[in-house]
Amino acid sequence: MTSVNHRWPRWLRPGWGWLSLPALLLGWIVVASRFPAYVLPPPWDVAAEGWRWLQQGKLGEQLWASLGRELAGFVAATIAAMAVGTLAGLYKGFRDFVTPLNGLFMAIPPVAWAPLTLIIFGIGNLAIIVVIFIAAVFPMTTTIQEGVAAIQIGAIRAARTLGANRRQLLWHVYLPASLPALTAALRIGFSQAWRALVAAEMIGASRGIGWMVAMGGQVGNSAQVLLGIALIGVMAWLAESLLFRRLDQHYQAWRPS
Amino acid sequence: MLPAQPKAPMPTLAAAQPSQFAVENVDFAYPGHAVFRGLSLRAQPGEFLVLLGPSGCGKTTLLNLLAGFMAPASGRVLLDDSPVRPEHPALGYVFQSPQLFPWLSALENVRFGLRMAGRGSEAEQRALAIEHLALVGLADAADKLPHQLSGGMQQRVALARTLALQPGVLLMDEPFAALDAITRIKLNEETLRIWSQLRQTVVFITHDIDEALFLADRILVLAPAPGGIAAEFDIALPRPRAAATRQLAQFAHYRQQVSACIADLQLQPLAA
Ligand SMILES: Nc1ncnc2c1ncn2[C@@H]1O[C@H](COP(=O)(O)OP(=O)(O)OP(=O)(O)O)[C@@H](O)[C@H]1O
Ligand SMILES: [Mg+2]
């Protein structure tokens with residue numbers, strides 16, 4: 001490790017990355033200047049719109065509604081994917097059975113399920129949470145399953161000749177060896193769930209960021225649409241850079257090459 | 001109240017009780033591919049036995065049978081007169097690649113077996129692990145993760161990890177084959193130095209004739225599959241052995257004998 005830049009966390013260090021957001025804003029301003037503000041509003045109009053929502057106390061409500069659904073669907077998908085993915089990783093027969101199903105469901109865009117879940121569960125949180133669950137669970141299962149299956153027979157054999165019994169193998173070899181796959185799965189699952197959440201809310205919700213975007217479109221309020229889009233991006237970026245990327249990087253270090 | 005549990009004794013860096021190995025009339029085949037037919041061999045306590053054979057003749061297969069990872073179709077593999085299994089406390093295995101646990105430091109890798117067996121306190125385990133890292137010249141690397149070590153260093157940590165449990169027999173599957181020639185010669189000398197200190201039984205596999213001659217008390221040449229032992233050589237080179245050993249006329253003489261034997265084997269038509 002070099003001694004330069006030691007005082008700064010990596011994401012604060014100077015670099016080209018710092019130019020991308022200003023460049024985006026500049027491009028937005030330039031393009032927006034060619035349209036009337038009610039068609040494509042400039043950034044400050046969107047900021048003003050945000051301020052209005054905030055003052056009316058309605059912004060937090062949308063955020064919490066979306067985050068609550070996201071967490072419910074994501075946590076449920078994580079639990080299911082850990083159970084199925086671990087078993088499929090350990091037992092080849094089960095893996096062969098699960099893999100085609102996984103592939104099939106991953107090929108279907110999760111929002112396509114929204115009309116069906118709305119019919120089955122009615123309008124409300126549950127229908128949306130089920131869509132989120134579907135969006136996250138299949139890629140997470142695949143990632144965990146591959147991670148567990150890739151645990152090398154060599155590491156298992158080494159542990160056995162060092163005297164580890166079955167329970168010790170699970171706890172001291174399988175678990176730590178599958179942590180990199182698990183953190184990768186969390187990262188993928190969260191972002192897939194988030195995309196699906198917004199899409200589902202646009203179809204069948206009366207609150208949430210997705211609803212906010214859809215409503216903005218219906219009443220012709222471009223600033224509200226862009227505000228919603230900006231929030232979607234910022235929330236995803238925060239989760240990614242503050243939580244999941246760090247987790248992932250921590251475990252990447254000892255992932256065998 | 002429960003009676004006080006007798007604590008497993010804490011080993012120290014001392015001579016292990018050398019084990020003996022017996023392979024009796026073993027047949028083994030992979031589906032559609034017979035590897036051994038009627039194979040028998042013995043490793044005497046404290047002996048440095050080298051199995052020599054060309055790539056693909058079944059060396060790794062034999063070692064996996066010796067460790068109990070696979071069971072022979074017929075015949076028996078006995079370690080100190082009882083059927084072998086991988087968890088046998090007298091058994092140590094150094095693999096073809098280091099197989100360190102990438103999430104554990106060098107020290108924790110070496111401590112792993114002691115921890116699984118619950119031998120001694122944590123402090124005692126760490127002290128013993130450090131001692132074994134020092135034995136392979138890596139006391140300074142105790143806190144490094146495996147990916148921060150070179151291939152040769154990793155293989156030495158793997159050796160220390162196996163030695164820390166004081167196995168009576170050490171199975172080594174071409175442990176230095178992936179390393180460069182200079183490192184390999186150095187680690188061969190180191191292996192002999194450690195062996196002269198600890199005196200376990202060693203079953204060492206290689207396809208390198210010079211490596212075999214330098215290390216062995218006895219060399220068994222494996223025949224191409226399906227087969228068994230093709231020839232046996234007692235290597236009476238003086239110990240301790242060092243770089244000069246390779247210059248001895250006797251060394252050249254043995255090399256010529258073993259090479260001729262292997263060349264003969266390659267020429268023979270494969271048995272049906
Ligand atoms: N899992 C397996 N299934 C079927 N055949 C196998 C399997 N493993 C090895 N073989 C075959 O058995 C023979 C012996 O393999 P083995 O790995 O024991 O050879 P080796 O002497 O260790 O070779 P090398 O020096 O290349 O490591 C080879 O011909 C190989 O193709
Ligand atoms: Mg081999």
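Naming: A, B, ... by sequence-line order, numbering from 1 per chain.
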Hey, which residues of residues 78-93 of chain B are touching chain A, say heavy atoms under 4.5 Å apart? B/P86, B/E87, B/L91, B/Y93
How about B/F28 and B/F36: are their ring centroids closer than 6.0 Å? no
Would you please name every residue forming a side chain to side chain donor-acceptor pair (under 3.5 Å) with A/Q145, sequence neighbours left out? A/T99
For residues 164-175 of chain A against chain B, heavy atoms under 4.5 Å, the residues are A/A164, A/Q168, A/H172, A/V173
Output yes when B/E190 and B/R156 qualify as a salt bridge under the 4.0 Å nitrogen-oxygen rule, no when they do not. yes
Taking only residues two or more places apart in sequence or in another chain, which ones pass side chain to side chain donor-acceptor pair (under 3.5 Å) with A/S191? none
Sidechain N-carboxylate O distance under 4.0 Å for B/E122, B/R115: no
Can B/R199 be said to sit on top of B/W195's aromatic six-ring, NZ or CZ under 6.0 Å from centre and within 45° of the ring axis? yes
Basic-acidic side-chain contact under 4.0 Å: B/R119, B/E124: no
Should the ring pair A/F190 and A/F74 be called parallel, tilted or perpendicular, given that the plane angle runs from 0 to 90° and is split at 30 and 60? perpendicular
Between B/R184 and B/D180, is there a salt bridge with N-O shorter than 4.0 Å? no
